[in-house]
Amino acid sequence: MNKMIIKGGHRLTGSVTIGGAKNSTVALIPAAILADTKVQFDMVPNILDVHNLMVILESMNVSSDFADGILNVDPTKIVESALPSKAIKSLRASYYFMGALLGRFGRARITFPGGDNIGPRPIDQHIKAFQAMGAKVVNDGDEIIITTDENGLHGAQIFLDVVSVGATINAILAAVKADGHTVIRNAAKEPEIIDVVTFLNNMGAKVRGAGTDVIRIEGVESLRAKNTHIIIPDRIEAGTYLSMAAAYGDGITIKNVIPEHLESFIAKVQEMGIQLEINEDSIYVPKTDELNNIEIKTMPYPGFATDLQQPITPLLLMAKGDSTIIDTIYPERTKHIEELKKMGAKIKYDHGNGTIIVSHTDKLVGSQIEAGEIRAGASEMIAGLMAEGTTVIDNADNILRGYDNIIDKLTNLNADVEMVHRES
């Protein structure tokens, strides 16, 4: 267990470089077991989820090593085995092993995945996709058992009832080696899906349409890595630092970003009156004193990301008047609200219409609070930097799950912050 200690009141300045996308990485690592060769990834973020995924790989006799952003994975001696339930339960994205194992062996047995508790996130669409391809799925206690007959998986027409990144990627992982042609309709369009498909196609997969709502897959017999896959920059990390820079920066440059992946977020920041300087792969955030209140509604990509509604909240506290947030993806993503209120934030959640109302707050005061999940922790971390006095964030492992080298990056921006390890 870790706690983050922030001594507020140090305005931020300088530059920060964004790491590889967490939401790509947690799908790419399971996808690597589909390869018949060794695999190398570059720009891998140094986050807890990566280390947990490496533990899961090890249980299948898949060796891996990770240093300086380079992750090597060798699935050539993979064996079927029980996956470690503790690591599985620690991150929701472990469910990608369902599609990857199904694509590799024609069967999978996995403990029901864990991760952030931000409301219902059912996996019925994943199961529906597997069943369409000929798999039999049984829920046995907290385990999901997926099997196929002697003919294995076959191509299928899959229509997702809801737009789901996880189900889209899992269906792709299962289908790339399946016999025949698979079509996924109402597919999610996130950049991370394109990243996973780029990796697979570079190994010989035949996947078309990533980034659109119809993805077509022609099954292939073998996948072989021929080059290093460079992971795209993390748009959620970039948005978090954009919010932080706008809220408490004296001029900050955010490097290694793809502005096109952040268009809906950037539009809202500009609507608040912040004159961003947007370059090809960096964004400069100037100090801004007068901020307008705004309305935010989270939507599937390319709409405003649910993962960014909490990180933008401390910035909204500085705007004049009331800002509103409606999270249409995860309406129960509200763990940050009570914690920010302990710091003096004027913020409330209207359960009746599912609206978060963020009112202008003159001053935040350091407090002892808790990171209930990754993005709630990010929100509280930004508030801690803005607050007078010292903020202690318990359960800070949640922040480490999603933010690459966070202490070094904040320190380089002039923050006074440390991570203290304590026995659980």
Side-chain angles (χ1 to χ4, degrees), residues 15-28 41-47 49-50 69 93 116 118 163-166 168-169 187-199 210-212 229-247 252-271 274 276-285 296-313 315 325 327 329-330 333 373-379 381-382 399 401-406 409:
S15 65
V16 61
T17 301
I18 299 306
K22 167 191 179 288
N23 290 339
S24 282
T25 303
V26 296
L28 286 164
F41 299 112
D42 194 358
M43 285 292 297
V44 178
N46 185 19
I47 55 176
D49 280 8
V50 167
D116 286 333
I118 54 172
V163 177
S164 163
V165 174
T168 300
I169 291 177
K189 306 173 188 175
E190 270 72 359
E192 294 79 12
I193 294 168
I194 300 173
D195 200 17
V196 172
V197 166
T198 300
F199 166 65
T212 76
H229 180 79
I230 302 172
I231 298 171
I232 60 170
D234 193 316
R235 61 195 169 96
I236 308 302
E237 185 191 9
T240 299
Y241 281 101
L242 270 171
S243 174
M244 186 188 300
I252 291 176
T253 301
I254 298 163
K255 299 177 179 177
N256 192 39
V257 296
I258 299 176
E260 291 79 7
H261 292 173
L262 283 158
E263 283 178 346
S264 55
F265 185 83
I266 286 170
K268 287 297 174 185
V269 172
Q270 290 172 326
E271 195 180 321
I274 299 161
L276 301 175
E277 293 178 22
I278 300 170
N279 303 302
E280 188 177 342
D281 61 357
S282 68
I283 299 174
Y284 176 74
V285 187
I296 291 171
K297 192 173 189 177
T298 71
M299 301 289 281
Y301 188 84
F304 193 100
T306 174
D307 278 357
L308 284 172
Q309 65 96 338
Q310 290 160 298
I312 202 175
T313 299
L315 176 60
I325 301 171
D327 196 331
I329 312 293
Y330 298 125
R333 199 167 203 168
E373 43 100 352
I374 297 175
R375 310 306 172 187
S379 176
M381 178 179 73
I382 296 171
I399 299 172
R401 283 189 48 222
Y403 288 92
D404 167 71
N405 295 325
I406 186 72
K409 289 183 180 182

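Gln309 pairs by the side-chain hydrogen bond (donor to acceptor under 3.5 Å, both in side chains) definition with Asp327, not counting sequence neighbours. Under the rule for a side-chain contact (heavy atoms from CB on, under 4.5 Å), the partners of Ser164 that lie at least two apart in sequence or sit in another chain are His126, Ala167. In this view, Thr168 satisfies the side-chain hydrogen bond (donor to acceptor under 3.5 Å, both in side chains) rule with no residue, not counting sequence neighbours. Under the rule for a side-chain contact (heavy atoms from CB on, under 4.5 Å), the partners of Leu276 that lie at least two apart in sequence or sit in another chain are Leu242, Ile266, Val269, Gln270, Ile274, Ile278, Ile283, Val285. Applying the ring-ring contact (aromatic ring centres under 6.0 Å, His included) rule to His229 yields the partners Phe199; only residues at least two apart in sequence or on another chain are considered. Every residue was checked against the side-chain hydrogen bond (donor to acceptor under 3.5 Å, both in side chains) condition with Ser379, not counting sequence neighbours, and none meets it. Considering only residues two or more places apart in sequence or on other chains, Lys268 meets the side-chain hydrogen bond (donor to acceptor under 3.5 Å, both in side chains) condition with Glu271. Partners of Glu277 according to the side-chain contact (heavy atoms from CB on, under 4.5 Å) rule, which considers only residues two or more places apart in sequence or in another chain, are Tyr284. For Glu190, there are no salt bridge (charged side-chain N to carboxylate O under 4.0 Å, His left out) partners two or more places apart in sequence or in a different chain. Applying the salt bridge (charged side-chain N to carboxylate O under 4.0 Å, His left out) rule to Asp404 yields the partners Lys409; only residues at least two apart in sequence or on another chain are considered. Every side-chain contact (heavy atoms from CB on, under 4.5 Å) that Asn279 has, sequence neighbours left out, goes to Ser282.
Under a 4.0 Å N-O distance rule, the pair Glu192/Lys22 does not qualify as a salt bridge.
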Test side-chain contact (heavy atoms from CB on, under 4.5 Å) applied to Asp281 and Val257, step by step: CA-CA 5 Å; Asp281 61 357; Val257 296; 5.5 Å; no
